[in-house]
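See below for the structure under consideration.
Along the sequence shown, residues carry numbers from 1. These numbers come from the heavy atoms of this one structure, side chains and all, not from hydrogens, waters or symmetry mates.
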Amino acid sequence: MEIRNIAIIAHVDHGKTTLTDALMQQTKMVKEGVSMDSNALEQERGITIYSKNTSVYYKDTKINIVDTPGHADFGSEVERVLRSIDSVLLVVDAQEGPMPQTKFVLKKSLDLGLKPIVIINKIDKPAADPDNVHEMVFELFMDLGANDEQLGFATVYAIAKEGVAKINIDDDSKDLTPLLDTIIAQVSIASSEEKEKKPLSVQPFNLGYDNFLGRLAISRIYEGKIKEGQKVIIKNTLGDTREGKITKLFSFEGVERKEVKEASAGDIIMTSGLPNIYIGETICENNEQEALPAINIDEPTISLNFLVNNSPFAGRDGKFVTNSQLKERLEKELEMNVGLKINFSAIDHYKIYGRGEMHIAILLENMRREGYEMQISQPHVIIKEEDGQKVEPFEEVTINVPEEMSGTVIKKLNSRRGNLIEMVPEHGNTKIIFEIPTRGLLGYKNEFVVDTRGEGILYTRVIGFKPHVGEIEKHSVGSMASMVTGKALGFSLFNLQERGELYIKANTEVYEGMVIGNVSKGDDMAVNPIKGKQLTNMRSSGADEAIRLTTPIDLTLETGMSIMKEDEYLEITPDNIRLRKQLLKETERIKKRRNN
């Protein structure tokens with residue numbers, strides 16, 4: 001049977017997963033309603049976080065498909081996948097056109113010599129302009145240095161949610177057959193008898209974990225055959241070798257993994273039995289074979305400290321609260337989350353390095369749902385030295401806002417050391433592209449929502465390390481910290497909301513040192529949120545004003561990470577996210593400020 005290997009790449013929400021789901025359903029590989037985004041967080045957020053494998057059968061051909069994340073924080077997932085496949089389906093929204101992440105993943109695909117198939121999706125949108133988007137995609141290929149063969153890409157038009165694909169927009173099509181035929185015609189065959197006869201050569205591009213089987217390696221077989229129970233040699237790029245044994249072997253059938261006894265060149269498989277296997281290593285038969293080229297993984301850009309929760313409310317919600325339990329969970333995360341790095345050397349905290357706020361927030365969200373309690377410090381950008389020069393990570397920011405709001409956005413990003421690259425009108429809005437240090441972006445997203453009244457769209461992608469730009473001035477607000485423990489009352493919060501924005505509602509339990517809001521003047525303020533109205537015997541029935549509280553800021557993980565200050569922790573439990581001062585007593589905080 002012929003095998004073809006493809007990946008689906010696109011910007012967030014352009015329809016990758018919807019298209020993959022439709023392909024699986026039309027080829028009868030899954031039941032109605034089964035989706036690639038099986039993780040609860042993915043379903044809630046409507047994004048793909050983890051790359052996943054599936055396969056469909058069409059015309060005696062097995063098509064292995066890898067669905068990749070569209071968010072920039074998970075770029076390390078995309079890069080590894082591209083090394084293991086032979087072509088990509090580039091999905092582009094027929095209204096929005098190419099977006100930042102489209103550019104990021106396409107650039108990596110073209111650099112690897114892959115020839116993409118372009119799918120212009122959502123052609124049923126009212127403002128869809130497929131012809132113009134096709135032109136924009138062609139220009140993007142040119143800008144990214146595509147060769148002549150890559151510029152001759154095939155184009156398919158689609159409505160993924162209806163499971164329809166067309167070669168020409170006016171074609172009468174009822175299913176995805178035109179797309180499947182294009183894949184068969186355009187993608188090279190991965191399997192051949194000649195490759196099967198060669199010595200085994202396999203490279204893992206992703207990792208999984210099973211409580212019973214341990215670490216799992218998701219790999220592409222480049223040459224030879226692999227069998228269950230086979231003894232193998234593992235080589236890394238430094239030339240080191242070690243021995244191992246394949247205990248279990250799985251192939252992908254739809255979204256399920258199917259245990260098999262052997263697999264041949266060209267296929268994508270999952271193996272167990274190699275506990276120390278790592279991405280980019282080579283699994284082969286003998287010591288004389290050369291290791292396959294290494295797979296580079298993008299470096300982390302931000303870091304933060306991860307600690308045991310020691311707040312006055314610690315242990316109320318969580319099942320796993322001890323240092324050893326947290327360490328065990330983080331070590332397990334490292335088994336498969338290769339974009340993450342953790343330093344376990346300190347006694348009182350662990351240093352976590354990640355690709356961005358969302359990358360770390362997804363880990364924290366998964367942990368709190370599993371019953372863990374922890375607290376984290378303010379995230380910091382990783383600054384390093386290259387050739388004697390201090391460098392820091394930069395990001396490209398693409399913003400789409402109503403025209404009248406563009407001035408405010410440009411002014412804010414300029415003050416944060418952003419550099420305006422492009423500004424063009426688009427669908428009645430203004431599209432603005434900036435290059436800005438990651439430091440300048442930390443804490444900006446909440447301001448952006450307020451400045452654009454929720455009408456703006458902001459996308460970012462890391463573009464690498466550039467020379468350090470020096471100090472960045474940001475609008476600073478003070479923290480409103482509770483000086484008492486108890487239940488917050490509406491009367492007290494009504495008076496406090498005049499000083500700034502609140503993070504809590506009435507009847508929320510608070511403790512001394514817990515941050516309940518911000519102060520617009522910029523200085524920290526100790527407050528009493530549990531103070532009630534003094535009662536007297538001289539009151540008339542109409543003397544009280546109705547207490548109206550403004551809606552507090554919803555403290556999510558990403559919001560908390562972006563608004564917290566240097567001397568604060570974000571307390572994370574299964575049921576609550578709280579902001580707190582590191583030193584809970586006001587007298588201790590004053591003493592520390594004096595000493596500094």
Side-chain angles (χ1 to χ4, degrees), residues 357 377-379 401 404-418 436 439-456 458 471-484 488-508 510-531 533 545-571 577-586 589-590 592-593 596:
E357 284 175 324
S377 68
Q378 185 187 44
V401 289
E404 65 273 15
M405 300 171 183
S406 58
T408 308
V409 171
I410 291 169
K411 183 182 175 184
K412 284 269 179 84
L413 289 177
N414 276 333
S415 71
R416 289 166 170 260
R417 298 296 188 104
I436 185 169
R439 276 188 306 137
L441 269 184
L442 290 178
Y444 173 65
K445 288 175 186 175
N446 290 303
E447 282 186 45
F448 176 77
V449 172
V450 174
D451 291 344
T452 62
R453 295 195 287 277
E455 293 182 49
L458 182 148
E471 285 298 312
I472 295 176
E473 284 185 30
K474 299 179 187 176
H475 171 62
S476 112
V477 293
S479 292
M480 207 184 280
S482 174
M483 60 201 321
V484 289
L489 298 177
F491 171 77
S492 186
L493 296 181
F494 177 71
N495 294 320
L496 291 174
Q497 70 186 9
E498 294 174 9
R499 304 290 190 94
E501 296 169 299
L502 296 175
Y503 303 153
I504 63 167
K505 300 174 183 172
N507 292 323
T508 301
V510 299
Y511 55 78
E512 184 180 3
M514 180 173 154
V515 177
I516 64 159
N518 64 43
V519 188
S520 41
K521 282 191 175 177
D523 296 321
D524 285 357
M525 182 170 74
V527 298
N528 181 357
I530 70 171
K531 183 179 175 185
K533 185 165 185 176
E545 289 181 24
I547 291 176
R548 288 186 182 163
L549 296 176
T550 53
T551 307
I553 291 175
D554 184 25
L555 264 190
T556 62
L557 283 166
E558 282 108 318
T559 309
M561 286 164 74
S562 65
I563 63 178
M564 67 192 294
K565 295 170 71 176
E566 186 77 44
D567 66 339
E568 293 170 358
Y569 287 141
L570 190 65
E571 179 189 351
I577 296 172
R578 304 182 188 98
L579 208 53
R580 54 157 287 190
K581 288 293 180 185
Q582 292 181 6
L583 299 173
L584 296 177
K585 293 190 179 297
E586 189 191 4
R589 296 197 294 273
I590 292 170
K592 187 176 181 183
R593 278 201 296 272
N596 290 342

Q. Ile563 pairs by side chain to side chain contact (heavy atoms under 4.5 Å, CB included) with which of Leu442, Leu555, Leu570, Val477?
A. Leu555

Q | Nearest-0.5 Å distance, OG1 of residue Thr559 to CE of residue Met561 | A | 10.5 Å

Q) Are side-chain heavy atoms of Lys412 and Asp451 found at a separation under 4.5 Å? A) yes

**Q.** Side chains of Tyr569 and Ser377 in contact at under 4.5 Å (non-hydrogen atoms)
**A.** yes

Q: Measure from the side-chain N and O atoms of Ser492 to the backbone N and O of Asn528, and report whether any donor-acceptor pair falls under 3.5 Å.
A: yes

Q. So how far is it from Leu502 CG to Ile553 CD1, rounded to the nearest 0.5 Å?
A. 8.5 Å

(Q) Any salt bridge linking Glu571 with Arg580? Criterion: basic side-chain nitrogen under 4.0 Å from a carboxylate oxygen. (A) no

**Q.** Under 3.5 Å donor-acceptor, Thr508 side chain and Lys505 backbone
**A.** yes

Q: Please confirm whether the backbone N or O of Thr550 pairs with a side-chain atom of Gln497, one donor and one acceptor, at under 3.5 Å?
A: yes

**Q.** Considering all heavy atoms, the nearest Val515-Glu568 contact
**A.** CG2-OE2, 3.7 Å

(Q) Under a 4.0 Å threshold between the charged nitrogen and the carboxylate oxygen, would Lys581 count as salt-bridged to Asp524? (A) yes

(Q) Treating Gln582 as the side-chain partner and Glu566 as the backbone partner, does any N or O pair qualify as donor plus acceptor under 3.5 Å? (A) yes

Q | Arg589 bridged to Asp567 by N-O distance under 4.0 Å | A | no

Q. Just by modelled atom types, is the Lys565 backbone N or O under 3.5 Å from a matching donor or acceptor in the Ser479 side chain?
A. no

